[in-house]
Every structure is written in structure tokens, then in C-alpha cells.
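What follows is a short report on a single structure.
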Amino acid sequence: MTKLKELLAKKIEEHRPRTQSLLKNHAGKKVGEVTIGQVIGGARGIRSLVTDVSYLDAAEGIRFRDKTIPETFACLPKVPGSDYPYVEGFWHFLLTGEPPTKDQTLEVVDDWKSRSQVPQYVYDVLRAMPRDTHPMTMFSAAILSMQRESVFAQRYREGVKKDQYWDSMYEDSCNILAKLPTVGAYIYRMKFKGDAPIAPDPKLDWAGNFAHMMGIGKPYDDVSRMYFILHSDHESGNVSAHTVHLVASALSDPYYALSAGINGLAGPLHGLANEEVLRWIQKFMAGLGGKEPTEGVIREALLETLKTGVIPGYGHAVLRKTDPRYMAQREFCLKNLPDYPMFKVVSQIFNVAPKVLMEQGKAKNPWPNVDAQSGVIQWYYGVTEYSFYTVLFGIGRAIGTLANITWDRALGYAIERPKSLTTSMLEEYAEKGKSDKLADD
Ligand code: MLT
């Protein structure tokens with residue numbers, strides 16, 4: 001057993017009594033109220049999920065295991081010669097809440113390498129799909145095709161005890177994660193680079209190997225490390241994380257659950273937004289007709305955009321301040337591509353758009369989110385095929401969601417089964433305010 005798995009087992013044993021005590025002694029206590037607006041409006045803000053892997057504060061942004069993004073980057077061992085940490089160490093940190101030592105990190109690096117061989121039939125499945133299939137469809141299908149490998153499904157059939165479910169969830173999660181860079185890069189090279197896949201380099205770390213298999217030199221390895229960590233988790237209520245949790249709650253194994261979550265991420269209101277932002281920025285830049293992007297020019301162009309639509313990449317369901325994931329990427333740009341014209345336009349939009357949106361009363365949150373910056377970096381390093389951007393998001397999102405469902409099974413979280421009401425019932429609530437009685441029906 002790896003040291004990480006031993007430590008995780010210890011953490012699980014320590015944590016279980018907390019969940020059990022909450023259920024046994026406090027199950028009836030309220031954590032909030034539910035309004036008709038929330039019932040119809042996508043369950044927005046309803047506190048009905050639990051995770052310790054990350055927490056999203058509306059004003060501050062995401063914390064991974066209670067650490068901000070800069071604290072997270074600072075506490076993890078760095079890849080030699082790189083500015084960013086090993087993603088493998090981040091996995092250790094997300095699972096256990098403890099920043100790993102260099103040795104603990106390298107153990108995960110080796111463990112994932114030993115699990116990284118992608119079965120030939122996955123390539124066959126990908127190659128059998130029409131070449132114009134969306135990369136997210138290919139990515140999801142590749143993950144689902146490997147479901148036959150599930151250790152969880154096999155041990156479940158063999159009657160493993162409930163308190164041991166987490167063990168095989170962990171095994172499946174590591175087996176999946178180890179293969180995702182190869183699967184993602186294969187899709188990219190098959191679809192967009194003349195069907196010329198690049199073999200993995202066993203000397204490299206997980207994200208460094210991804211950059212290598214994409215065929216892109218330094219510092220794209222650091223871009224990958226940063227990108228995968230930033231996109232890994234955003235607490236449990238977003239569509240991809242929630243879907244993975246929901247599907248796994250039926251004791252579907254991690255292959256089923258992650259593939260389903262990737263399908264949710266493929267929606268334009270979720271992960272596909274980064275593709276839309278880049279498309280819009282390019283159109284926006286073309287519209288500037290070569291004019292210097294001064295504040296005045298950008299302001300006029302944004303007002304024109306708002307006549308018919310929204311500013312892509314601005315606003316968020318939970319956040320009410322600039323997304324710290326945006327800031328982390330901006331910092332990277334300021335260091336590595338400060339004079340890149342597209343970055344300059346994005347920066348100028350950042351200076352102007354919040355004011356314009358506030359003046360127009362257009363958004364509860366007029367600040368940029370993670371998507372407003374990410375495509376620019378990819379484009380700069382030569383990944384100009386927008387439709388691939390969400391796969392990058394998906395590789396990152398796998399890390400957080402798989403850590404979460406490993407813990408879900410460790411703590412025995414129940415199958416999700418919220419209650420629905422009819423429109424007439426809601427109308428009855430609205431008229432008579434009979435909130436308490438019907439809610440318990
Ligand atoms: C995410 O990272 O999942 C997005 O920012 C969406 C969200 O948190 O609702």
C-alpha cells in the first residue's frame with residue numbers, strides 16, 4: 001500500500017465519527033431555508049452538499065483544503081526547474097488535507113506512472129468516431145469505455161464491505177487520473193495535428209508529460225500544472241462536480257461518474273464558456289479594426305456588445321468579486337506574455353468591463369471569472385483549436401471530483417434523492433405561505 005493510501009485510511013478513520021455524530025445527534029437541525037425562487041431557479045444557494053476538499057467564498061473565491069490559491073501553490077513541492085508544483089502532490093493534498101513532502105510527492109509520481117498505460121481499445125474507440133466529433137464527446141467516451149476496468153464495480157460484485165468502498169474508489173480514481181493526460185493529448189494530436197500522436201516520456205511528471213505529448217515546449221508544462229490545479233475543484237455545487245457526486249451516489253463507479261460529469265462540463269453555461277470567450281475576444285479584436293485598445297475604445301466596443309448580448313467570461317453564480325483563478329492566470333501572463341496583444345486587450349477589458357456592467361446594471365457580479373483569461377494563454381502557446389479548451393478543463397476537474405467521490409464513499413454519503421413539487425403546490429405556498437407542512441410531505 002502506498003504511503004498516501006495509508007495516510008488517507010488514517011484520515012478517514014479520524015473523520016468518520018464526525019459525520020456519524022452529525023447524523024446521529026444533529027440530523028434535525030436546520031442549515032437554511034428554501035424559497036420558491038430557489039426551487040425554480042436551479043437550487044441556487046441551497047446548502048445541501050458537503051465536502052471538505054474545497055470551499056467557495058463569494059468574496060474571496062476558492063480555497064483548496066482551506067488554503068487560497070497562492071497558499072496552495074506555495075505549500076506544494078515544485079517540479080525542478082519549474083515555477084509550479086507537481087499535480088501529483090496536489091492530489092495528495094486534496095485527498096488528505098496535508099501538503100506532501102518531496103518524497104511523498106514522488107511516490108505519487110511513480111504510482112501514477114505505473115498506472116498510466118492506456119488500453120489499446122480506448123484508441124480504437126476514439127479512432128472509430130468521426131473525426132469531426134467534439135473533443136469533449138471523445139474525452140467522455142474514452143473514460144466511459146474504460147469502465148470495464150473498474151476495481152470498485154468488481155469488488156462490489158464480490159460483496160466488499162461498505163466501509164471498504166473508498167479503497168476501490170481510490171484505486172479507480174488513480175487509474176483514471178494516471179491516463180487522462182495521454183487520452184487528452186491523443187485526442188488533440190489525432191484531431192488537430194495530422195493524426196501524429198506523441199508517445200509519453202516516462203521521465204516526466206504528469207503535467208510535464210501532458211505538455212510533451214501535446215508537442216509544446218516550455219513553459220507549457222507550467223501552464224499545464226497551473227491550469228489543472230486551478231480548474232480542479234470549485235466546491236460541490238457546480239454542474240460537473242455535482243454530477244460526478246450524484247452519479248457516484250448511486251454507487252456507479254468513478255468511470256461512469258466522471259464521464260457523466262464531463263458531459264455536464266461540456267455545456268456552454270459551464271466549461272464550454274472558455275471556448276466562447278476566446279471566440280468572442282477574437283471577434284471583438286477584429287471589430288476594433290487595429291485601433292489602439294484605449295479605455296475609451298474598449299468602453300464603446302463593450303457598450304456595443306451589451307446591446308445584443310453579454311460579455312463572455314464576466315459574472316459567476318456564486319462569486320461576487322474577481323475570480324482568484326483569473327488573477328492567478330493574469331499573474332502568469334504578466335510574467336510570461338506581458339506584451340501579447342490579445343493579453344493587452346483582455347487586461348483592458350478587465351479595467352473597463354466591471355464599470356460598464358455596473359453602470360448598465362447588467363450583472364450581479366460584474367467581475368471576470370476563470371474563463372476570461374484561460375483561452376488567451378492556450379492560444380499564445382499554439383493551442384488555437386478552441387474546441388479542445390474544455391478538455392483541458394475536464395482533465396483538471398477530474399482531480400477534484402475524484403478526490404470528492406473517494407471521500408463520499410469513505411463517509412457513506414447517501415444516494416441523492418431530493419424531493420420535487422408540482423407548480424400547483426408552489427402556487428399554494430405562494431398564496432398561503434404553508435411552507436412547513438408541504439416541505440415535509
Ligand atoms: C466552476 O469552476 O465549476 C465554475 O466556476 C462554475 C461554478 O463554480 O459554478
Side-chain angles (χ1 to χ4, degrees), residues 38 41-65 67-69 72 87 90 94 136 139-140 180 224 226-248 257-278 310-330 350 353-354 363-378 389-405:
Q38 290 173 309
R44 198 61 69 87
I46 297 177
R47 294 164 194 178
S48 59
L49 294 162
V50 53
T51 174
D52 299 295
V53 174
S54 69
Y55 180 75
L56 181 62
D57 179 84
E60 186 192 51
I62 195 69
R63 273 180 183 256
F64 301 117
R65 288 283 180 186
K67 287 196 193 298
T68 62
I69 290 169
T72 300
V87 176
F90 179 64
L94 280 194
M136 280 297 270
F139 190 52
S140 172
L180 291 187
S224 303
M226 169 183 72
Y227 201 92
F228 294 145
I229 291 175
L230 290 181
H231 287 81
S232 61
D233 210 31
H234 219 223
E235 66 169 40
S236 295
N238 64 75
V239 167
S240 50
H242 188 196
T243 304
V244 176
H245 165 79
L246 169 70
V247 173
L258 181 62
S259 170
I262 294 297
N263 298 343
L265 192 67
L269 290 184
H270 194 17
L272 203 78
N274 54 15
E275 174 180 334
E276 298 205 331
V277 168
L278 225 268
V310 296
I311 304 178
Y314 279 70
H316 192 273
V318 178
L319 281 164
R320 294 295 171 262
K321 281 277 155 56
T322 298
D323 190 335
R325 299 173 299 176
Y326 175 93
M327 293 310 281
Q329 294 183 89
R330 178 175 160 77
F350 177 48
K364 275 198 208 137
N365 171 19
W367 307 102
N369 63 52
V370 67
D371 300 318
Q373 187 81 244
S374 53
V376 177
I377 303 180
Q378 296 299 332
Y389 294 173
T390 317
V391 173
L392 298 169
F393 194 153
I395 296 174
R397 188 47 54 97
I399 306 165
T401 53
L402 291 173
N404 267 292
I405 57 173

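One-based numbering, in listed order, for ligands and for the atoms of each. Nothing here was measured: the structure is a model prediction, and the numbers come from that model.
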What part of [X], side chain, backbone, both or neither, has a heavy atom within less than 4.0 angstrom of ligand 1?
{"X": "Arg325", "result": "side chain"}
{"X": "His231", "result": "neither"}
{"X": "Glu235", "result": "neither"}

Looking only at heavy atoms, the pair that brings Ala260 and Val247 closest together is CB-CG2, 3.8 Å
Note: Gly61 and Leu56 closest approach over all heavy atoms is C-CD1, 3.5 Å
Taking only non-hydrogen atoms of Asn238 and a 4.0 Å limit, the atoms of ligand 1 in range are 3 (O), 6 (C), 7 (C), 8 (O), 9 (O)
Counting from 1 in the order shown, the ligand 1 atoms closer than 4.0 Å to a non-hydrogen atom of Phe393 are 2 (O)
When rounded to the nearest 0.5 Å, the distance separating CG of Leu265 from OG1 of Thr390 is 6.5 Å
Would a line drawn from the ring center of Phe90 to the ring center of Phe228 be shorter than 6.0 Å? no
Tell me which protein heavy atom sits closest to [atom], plus the residue, atom name and distance to 0.1 Å.
{"atom": "atom 8 (O) of ligand 1", "value": "His234 ND1, 2.7 Å"}
{"atom": "atom 3 (O) of ligand 1", "value": "Arg397 NH1, 2.9 Å"}
{"atom": "atom 6 (C) of ligand 1", "value": "His316 NE2, 3.5 Å"}

**Item:** Nitrogen or oxygen of Ser240 less than 3.5 angstrom from that of ligand 1
**Value:** no
*asked:* Quick check: do Tyr227 and Gln329 have side-chain heavy atoms less than 4.5 Å from each other?
replied: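 They are in side-chain contact.
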* Asked: Should Gln378 and Asn274 count as side-chain neighbours, where that means a heavy-atom distance under 4.5 Å?
  -> no
request  = Given side-chain contact (heavy atoms from CB on, under 4.5 Å), test His234 with Leu319 step by step and report yes or no.
outcome  = CA-CA 11 Å; His234 219 223; Leu319 281 164; 4.2 Å; yes
